[in-house]
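This report concerns only the one structure given below.
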There are 2 protein chains.
Amino acid sequence: MAAERSGGGDPARTIALLWRRPPEPKPVGRKAKVSVDQIVTAAIAVADREGLGAMSMARVAQELTVGTMSLYTHVPGKAELIDLMADTVLQERDLTPEGTWRERVKHYADRTRAVYQAHPWMRDVSMVRPPLGPGLMDGQEFVLAALADSGLEPRHVTVAHVAIEGFVHGAAASEVDDQQLERTTGESGDSWWGARQVFWDDYFDVERYPTMTNLWNAGAYDTDGTLADTMRSSFDYGLEKLLDGIEGGMR
Amino acid sequence: MAAERSGGGDPARTIALLWRRPPEPKPVGRKAKVSVDQIVTAAIAVADREGLGAMSMARVAQELTVGTMSLYTHVPGKAELIDLMADTVLQERDLTPEGTWRERVKHYADRTRAVYQAHPWMRDVSMVRPPLGPGLMDGQEFVLAALADSGLEPRHVTVAHVAIEGFVHGAAASEVDDQQLERTTGESGDSWWGARQVFWDDYFDVERYPTMTNLWNAGAYDTDGTLADTMRSSFDYGLEKLLDGIEGGMR
DNA sequence: CCTCATTTCCGTAGGCCATACGGAAACAAT
DNA sequence: ATTGTTTCCGTATGGCCTACGGAAATGAGG
């Protein structure tokens, strides 16, 4: 379906969970078999292996040898669990503030990209209404600090920030899409394209697509590395050009 | 769940459907109550109104007053139906080749953005293994022609193309994310942020986030328009800077 | 009109999913 | 041993996709 995060429940409860502020100590009552951390860890493990689609409450409970409904004692629902998962993996970026502002933005992009590589299901998590936890907030502060040091006006810092965030998450997402599809469908990108050879043979119209034909003949699509390499270069190229443009606008 | 397109079935069948090449005329047998076009149109209508999550085979069949399983006579399965939907709405961009190469790329970006605006469920459709139909192909040809006219080397045309494609789809996707969430959850972005006021009151740490605090105090987050306006400017700003960078790299 | 091959229509059934509800079980304090 | 509190979890509801196979409709040939 979709980016199925939203946190329909009580926002205060979700935010308290994100910052791991337990409601209060409970010396009385039955001992808990599982903790929030265990649930989040197990959920991430399932999603890493089999995709977000396979991360069901029943599946996570099974992983912890616990009844499905037990999870609801610790976590309001599935949407909130996804919030917790996302913020947790965003904390894996350890962002060291070294170098020029450009180097720091590049560093941020690389670390974020690494998160997506390690957790391809992040593709399916919308960042428009993000989990307001430490993982997200620390990243924002890091990029904003770099941009503020660049000499941009405060006003332009915020708009450049949104553009960079959008590019990084968007590019990282489309880069791991391929792997995620491979994981869920069991078919690799190369094999997928290979199976569609029939398209180039029977449907591609040279007259309708002259530019593609020319580029093909000019060897523009000859490639040494894999499809993953190509996407990686595009990520770097695009970010570089975007930063060039931002820098150029300052002078 | 996810970007639930993949076309696990026979690729040749799917491609034939995308280009609307019927297998052959059938003078014999029971008359069909519905056509492929009707199914695709109804599916798009449902997804437009209620999101891709609500676009189930049963729901589409209901729309056409037909049994659920009847759809499978005309369409291999849900994944292929989504392929058909995506390529159909991409055909709605009518791309007129006028102006400089930059103007044409901008034109392409705007038309693609309009598609996402009209069909927010496109956010959930992965473009990594795209539907190889006329809608997608015509768009690719258009951008490549613009870039080829720019004077870029063939080699750089392809990498710039991937970067632009990624930016446009990524930015358009995150721009409509908000609307889609509003549609499915019934809560607007403003109301969502408002309900999380508690975060700024009780959790935001001024010492931990000095840059954000400074920017806030400098009025960088004061805004005249809505959240949608802000995202729109970022889309334009980011594309502009990306094209600046690409153009600058040529000299 | 009847037969028959061909095509489409679609009911049923199996195996998934989230989660509301409410009772059973475990534990600390009295 | 009782009581209050908390956690655990079985059941049930209403959804989803689609494999299977039989019923219904249609045109052609007799």
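Since the model is a prediction, treat every value here as computed from it, not as a measurement.
Residues B:R93 and B:D110 are not paired through a salt bridge, judged by the lack of any N-O separation under 4.0 Å between the basic side chain and the carboxylate. Using a 4.0 Å cut-off between charged side-chain N and carboxylate O, B:E175 and B:R113 make a salt bridge. The pair A:R59-A:E50 meets the salt-bridge criterion, since a charged nitrogen lies less than 4.0 angstrom from a carboxylate oxygen. Salt-bridge check for B:R111 with B:E92: failed, with every basic side-chain N at 4.0 Å or more from each acidic carboxylate O.
Between the side chains of B:Y108 and B:Q140, not a single donor N or O lies within less than 3.5 Å of an accepting N or O.
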Between the protein and nucleotides 12-14 of chain D, which nitrogen or oxygen pairs are less than 3.5 angstrom apart?
none

Report all interatomic pairs (protein N or O, nucleotide N or O of nucleotides 16-20 of chain D) with separations under 3.5 Å.
residue, atom, partner, partner atom, Å
D:dC16, OP1, B:S56, OG, 3.1
D:dC17, OP1, B:M57, N, 3.2
D:dC17, OP1, B:K78, NZ, 3.3
D:dC17, OP2, B:M57, N, 3.1
D:dT18, OP2, B:Y72, OH, 2.9
D:dT18, OP2, B:K78, N, 3.2

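Relative orientation of the A:Y203 and A:F199 rings is parallel, given thresholds of 30° and 60° on the angle between their planes.
In this structure, B:W19 contributes its side chain and B:L132 its backbone to a donor-acceptor pair below 3.5 Å.
Rounding to whole angstrom units, CG of residue A:L81 and P of C:dC17 are separated by 14 Å. Atom pair A:L71:CG and D:dG10:P shows a separation of 12 Å (rounding to whole Å applied). If you measure from atom CZ of B:R30 to atom C1' of D:dT26, you get 9 Å, rounded to the nearest angstrom.
B:K33 has no side-chain polar atom (N or O) that falls below the 4.0 Å cut-off from OP1 or OP2 of D:dA25. Between C:dA28 and A:K31, a contact under 4.0 Å exists linking OP1 or OP2 to a side-chain N or O.
Side-chain contact between A:M137 and B:R208: absent, with no pair of heavy atoms (C-beta onward) separated by less than 4.5 Å.
Residue-level contact check: B:V34 touches the backbone only, with heavy atoms under 4.0 Å from sugar-phosphate atoms and none from bases.
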